[in-house]
**Q** 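Sending over a structure as structure tokens; questions will come in a sec.
Within every chain, numbering begins at 1; the chains are lettered A, B, ... in the order of the sequence lines, protein sequences first and strands thereafter. Everything numeric here is computed off the predicted structure, so don't read it as measured data.
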There are 2 protein chains.
Amino acid sequence: MTVPPEAEREGVGDVARLRSIPEASVARLALYLRTLGELSEQGAETVSSDELAAVTGVNPAKLRKDLSFIGSYGIRGVGYEVRPLVHQLEQSLGLNHRQAVALVGVGNLGHALAGYGGFDGRGFPVTALFDVDPDLVGIHINGILVEHVREIPRIAAERGVTIGMIATPGPAAQAVCDLLVSAGVQCILTFAPVVLQVPADVEVRKVDLAVELQILAFHVARRNLDHPGVTTGTTNGHALVNGAADNRTVNGSGGIHS
Amino acid sequence: MTVPPEAEREGVGDVARLRSIPEASVARLALYLRTLGELSEQGAETVSSDELAAVTGVNPAKLRKDLSFIGSYGIRGVGYEVRPLVHQLEQSLGLNHRQAVALVGVGNLGHALAGYGGFDGRGFPVTALFDVDPDLVGIHINGILVEHVREIPRIAAERGVTIGMIATPGPAAQAVCDLLVSAGVQCILTFAPVVLQVPADVEVRKVDLAVELQILAFHVARRNLDHPGVTTGTTNGHALVNGAADNRTVNGSGGIHS
DNA sequence: GCAACTTTGTGCGTGCGTTCACAAGCGGCT
DNA sequence: AGCCGCTTGTGAACGCACGCACAAAGTTGC
Ligand SMILES: NC(=O)c1ccc[n+]([C@@H]2O[C@H](COP(=O)([O-])OP(=O)(O)OC[C@H]3O[C@@H](n4cnc5c(N)ncnc54)[C@H](O)[C@@H]3O)[C@@H](O)[C@H]2O)c1
Ligand SMILES: NC(=O)c1ccc[n+]([C@@H]2O[C@H](COP(=O)([O-])OP(=O)(O)OC[C@H]3O[C@@H](n4cnc5c(N)ncnc54)[C@H](O)[C@@H]3O)[C@@H](O)[C@H]2O)c1
């Protein structure tokens with residue numbers, strides 16, 4: 001890249017770099033970050049791209065390129081120093097500030113989400129719960145009071161909520177989404193099997209489990225075309241690594257082309 | 001493509017077609033299917049690609065191309081007949097047979113999943129539940145007995161389980177995964193934040209909520225680089241459609257390039 | 001039956017993401 | 001100090017996916 005003459009200082013370069021990180025890489029960076037955290041706990045001080053790639057199931061070259069997007073400080077001949085790299089990843093992913101999360105819909109799934117410690121532990125404290133069910137509004141879950149959805153605009157603003165999670169039934173999701181958006185929430189994670197309509201400056205990520213299962217089912221079907229009679233698999237020791245940070249973690253297809 | 005001389009008959013073509021459907025398209029096909037189901041309930045008999053595209057937030061041309069992969073029967077000048085298209089999609093996605101699902105780990109999240117009716121309703125009956133916790137083994141959830149994980153190989157085979165869902169803590173996930181694989185399960189959906197090692201003929205899809213949140217957080221950070229002071233959003237009427245079947249449902253970036 | 005309109009199906013250019021392969025850089029060893 | 005081996009960072013090729021734009025094919029209206 002031949003360092004642009006003036007860009008010696010850090011801040012400037014970072015901004016430019018952040019803008020240009022490919023979506024797909026961002027997802028993997030999050031995966032690297034978590035894996036590095038584990039390695040760090042196990043006492044590792046440096047990791048080579050090959051090692052980290054093996055653990056995360058990613059191609060080593062791709063991993064290095066991903067890291068290069070955040071202006072990584074790897075040491076040639078050695079690898080990456082775990083601690084600084086973790087710090088750099090957190091910085092680049094915007095994890096230096098905690099992001100308050102509001103969860104709307106405290107039913108079956110919502111309860112599980114509200115009670116999950118993993119969010120707070122990773123810098124995403126669930127600071128507000130909402131529902132319409134009078135039996136739920138007023139109770140506490142994990143120490144957090146469930147409030148009525150009509151309070152979303154006020155409370156979300158008060159608590160500086162930046163991320164909304166929607167776990168309501170599908171039909172209610174759009175209305176809830178609108179409320180969140182009107183409260184200034186620009187990032188939404190939804191579990192409702194509905195396509196949400198949002199303004200252009202809001203980002204939505206959808207977790208659709210039924211679709212996930214259907215994708216798997218498709219692969220079952222594809223497989224059965226080849227081996228119609230097979231019902232039970234064989235034993236096995238591990239064989240192939242697998243991962244990739246987006247959830248499209250394919251891996252079968254024994255190398256057949258066209 | 002120039003039709004291979006002999007491939008006049010249907011069955012053959014289907015196999016060839018199935019093999020070659022791009023992963024990304026499969027995800028969207030599942031989305032179309034669900035949306036068509038809703039349209040069908042509302043009495044629609046035909047849909048144009050433009051209509052369906054608008055509802056699902058997908059580019060119309062892309063949608064038509066997706067449908068062409070399954071050898072669609074659209075009518076030029078009219079659109080697609082909803083009923084036959086639904087049928088065709090179900091066939092192509094392998095939804096003509098119900099796929100038995102086994103769920104391992106019936107804790108917070110597992111309970112919600114086990115109690116969810118949406119899976120059975122879409123052809124994915126949860127037919128087996130497993131856990132190690134003696135307080136859980138033996139109880140019924142939604143009418144299904146929770147069994148000990150050591151029974152996985154036997155019971156999964158007995159009940160013809162084709163899909164495994166893992167909702168155990170991370171550290172237990174790999175062992176559980178191995179058990180499922182040894183029981184012949186070739187498709188796994190996991191919620192554990194761990195990269196699973198599996199043989200090459202097993203497909204894993206990972207739903208990693210922490211990663212989802214981090215991706216959203218990244219976009220918050222990116223945004224704040226531009227508008228450092230903004231805390232509360234503005235009002236708005238809907239603006240842009242949004243969807244796409246993989247959960248990477250981006251949509252911001254008001255058209256800026258480079 | 002013909003013309004005008006509508007919508008599908010797809011060929012093709014473009015851009016993104018992945019992967020290979022290698023030069024540049026760094027540490028350790030002699 | 002200089003060489004050797006290892007690992008990073010990236011240039012460049014490849015392949016896939018997206019989306020435009022248009023021809024083919026059907027329908028409606030006259
Ligand atoms: N439970 C699962 O495992 C699971 C799996 C996949 C998808 N989902 C999806 O997640 C969503 C929630 O599933 P669930 O099983 O928790 O459903 P649920 O019915 O148990 O819970 C929904 C909750 O949303 C609340 N609600 C309804 N309308 C609301 C509104 N307008 N504003 C705020 N809250 C409202 C209800 O009072 C209820 O508490 C659904 O869209 C479902 O399709 C759930
Ligand atoms: N709860 C959530 O909302 C949520 C959100 C994101 C991710 N997750 C992930 O989903 C997984 C489950 O989360 P949870 O909140 O339900 O945890 P949990 O601790 O409530 O439940 C885990 C269950 O797995 C069982 N288990 C433990 N070891 C097992 C083994 N070897 N075999 C079979 N079962 C075993 C436990 O007995 C327990 O019932 C975790 O990996 C978590 O990181 C959960």
**Q** Only one of Asp50(A), Val58(A), Asn59(A) passes side chain to side chain contact (heavy atoms under 4.5 Å, CB included) with Arg64(A); say which it is.
**A** Asp50(A)

**Q** Ignoring hydrogens and angles, tell me if any N or O in the side chain of Glu203(A) forms a donor-acceptor pair with the backbone of Leu216(B) under 3.5 Å.
**A** no

**Q** Among dT19(C), dC18(D), dG17(C), which is the nearest nucleotide to the side chain of Lys62(B)?
**A** dC18(D)

**Q** Strictly under 4.0 angstrom, non-hydrogen atoms only: write out the protein contact profile of nucleotides 4-9 of chain C, one letter per nucleotide from the 5' end, B, S or -.
**A** --BBBB

**Q** Whole-Å distance between dC16(C) P and Glu23(B) CD?
**A** 22 Å

**Q** Roughly how many Å is it from CG in Asp66(A) to P in dT19(C), rounded to a whole number?
**A** 10 Å

**Q** Please report, rounded to the nearest Å, how far the C1' atom of dC16(C) is from the CD1 atom of Ile21(A).
**A** 15 Å

**Q** Please confirm whether any donor atom in the side chain of Lys65(A) sits under 3.5 Å from an acceptor in the base of dG17(C), or the reverse.
**A** no

**Q** Quick one: do Ile70(B) and Leu93(B) satisfy side chain to side chain contact (heavy atoms under 4.5 Å, CB included)? Show the steps, please.
**A** CA-CA 9 Å; Ile70(B) 62 171; Leu93(B) 290 175; over 6 Å; no

**Q** Under the salt bridge (Lys or Arg N to Asp or Glu O under 4.0 Å) definition, can you give me all pairs with a residue in residues 65-75 of chain A, not counting sequence neighbours?
**A** Arg28(A)-Asp66(A)

**Q** Is a donor from one side chain sitting under 3.5 angstrom from an acceptor on the other, for His87(B) and Glu81(B)?
**A** no

**Q** Ignoring hydrogens and angles, tell me if any N or O in the side chain of Gln91(A) forms a donor-acceptor pair with the backbone of Asn96(A) under 3.5 Å.
**A** no

**Q** To the nearest angstrom, how far is Leu63(A) atom CG from dT19(C) atom C1'?
**A** 13 Å

